[in-house]
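The structure under discussion appears below in the form of structure tokens.
We count ligands from 1, going down the list as the structure has it; atoms in each ligand are counted the same way.
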Amino acid sequence: MGRTILVTGGAGYVGSHCVAALLEAGHRVVVFDNLHQGHREAVLPQAELVVGDLADRDAIAAAFAGRRYDAIMHFAGNIQVGESMRRPFLYLGDNVQCAVNLLEAAAAHGVSRFVFSSTCAIFGATGRASIDEDAPVAPEDAPVAPGSPYGESKYLVERILAWAERVHGIRYAILRYFNACGAHPHLPLFEDHDPETHLIPIALDCALGRREEMQVFGNDYDTPDGTCLRDYVHVCDLAAAHLRVLDRLDAGSRAYNVGSGNGHSVREVLDAVRRVTGVDFPVRMLPRRPGDLPRLVADPSRIRAELGWTPRYASIDEIVSTAWRWRRAHPGGYAELARARG
Ligand code: UDP
């Protein structure tokens with residue numbers, strides 16, 4: 001039977017794809033988003049959009065008034081590793097306080113199911129080939145735990161969720177995404193950040209001639225080709241993981257690492273972009289970007305075993321193709337889509 005789900009950040013990249021999956025599964029969706037990073041056009045018309053800020057308790061109260069939610073999915077937040085190294089308190093402050101405000105409202109309104117959008121960036125430099133849920137968040141001698149204030153802010157919320165359960169009985173699932181990428185295969189949903197900092201959309205812009213060169217941050221890492229290894233997981237596969245975990249929440253709180261288990265270097269991704277687009281573009285090597293870790297690849301054994309989740313988009317070329325389709329159709333992103341729709 002369909003449930004009513006409150007989705008914060010539902011106008012954002014991963015959030016909007018999850019909203020699509022929830023609607024497709026027959027759930028009712030209320031999106032709560034301040035539209036600072038998110039896009040009105042990314043909210044499908046079957047979902048209700050409440051524009052508001054999680055920093056504003058009154059706005060949250062308004063989103064709960066007269067509605068009864070079966071679960072909350074919390075995507076909203078600041079998400080850039082690099083920015084968090086320059087503005088740590090924006091992350092350690094806002095990301096944490098907004099989650100607390102939301103949890104307070106959940107507790108006050110008796111909503112006892114909560115899905116939290118976390119990140120592999122909570123893990124420090126583990127030195128492991130692949131990261132399972134028991135990997136250490138901090139190397140033993142590290143004064144700071146995760147690699148960046150962004151990762152730290154997500155980790156702090158993970159810890160706070162344990163208290164939300166202990167004191168208020170809120171059952172939660174933590175999904176730690178590895179590198180979300182790709183776009184919806186048929187609905188007009190895609191990645192559109194301002195500024196864009198992510199590897200695949202930037203490389204696609206190079207292929208489109210919207211950028212003159214691709215800058216690669218560091219080729220002196222201890223990895224096979226010297227560039228960072230990441231686990232690229234399609235955004236629709238992430239959305240599918242949310243649906244599966246929603247059905248399991250009543251069995252108890254749990255954290256899952258959500259990735260394919262395959263690592264791709266920055267160079268390999270750029271090769272995939274060249275293959276898919278058929279366009280070559282200049283690449284410039286730059287120094288390392290502060291906050292980046294050499295290797296972040298999931299060990300997805302737990303989510304496979306417990307939720308039966310496996311990614312449907314297995315190859316990096318296939319993932320890049322879905323992103324390319326929308327990027328090529330709407331190089332100006334949602335703003336352009338809005339204009340085209342009149
Ligand atoms: N990267 C890069 N050039 C760019 C953007 C990203 O070399 O213009 C690298 C970045 O240093 C990292 C990888 O690509 O090693 C993935 O970065 P992204 O920002 O996409 O995701 P993150 O892993 O930081 O969440």
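Contact residues for ligand 1 (protein heavy atom closer than 4.0 angstrom to any ligand atom): Asn179, Thr197, His198, Leu199, Ile202, Met214, Gln215, Val216, Phe217, Cys228, Arg230, Tyr232, Val266, Arg289, Asp292.
A 6.0 Å sphere centred on CD of Glu336 holds more than 12 heavy atoms belonging to other residues, nucleotides or ligands.
Ring orientation note: the planes of His17 and Tyr13 are nearly perpendicular, at an angle over 60° on the 30°/60° scale.
Remark: Arg288 qualifies as a cation-pi partner of Tyr221 under the 6.0 Å distance and 45° angle criteria applied to the six-membered ring. Taking the ring centre of Phe281 as origin, the terminal cationic atom of Arg274 falls inside the region bounded by 6.0 Å and 45° from the ring axis.
Between Tyr256 and the options Arg176, Arg302, Glu306, a side-chain hydrogen bond (donor to acceptor under 3.5 Å, both in side chains) holds for only Glu306.
For Ala55, the side-chain contact (heavy atoms from CB on, under 4.5 Å) partners at least two apart in sequence or on another chain are Asp53, Cys98.
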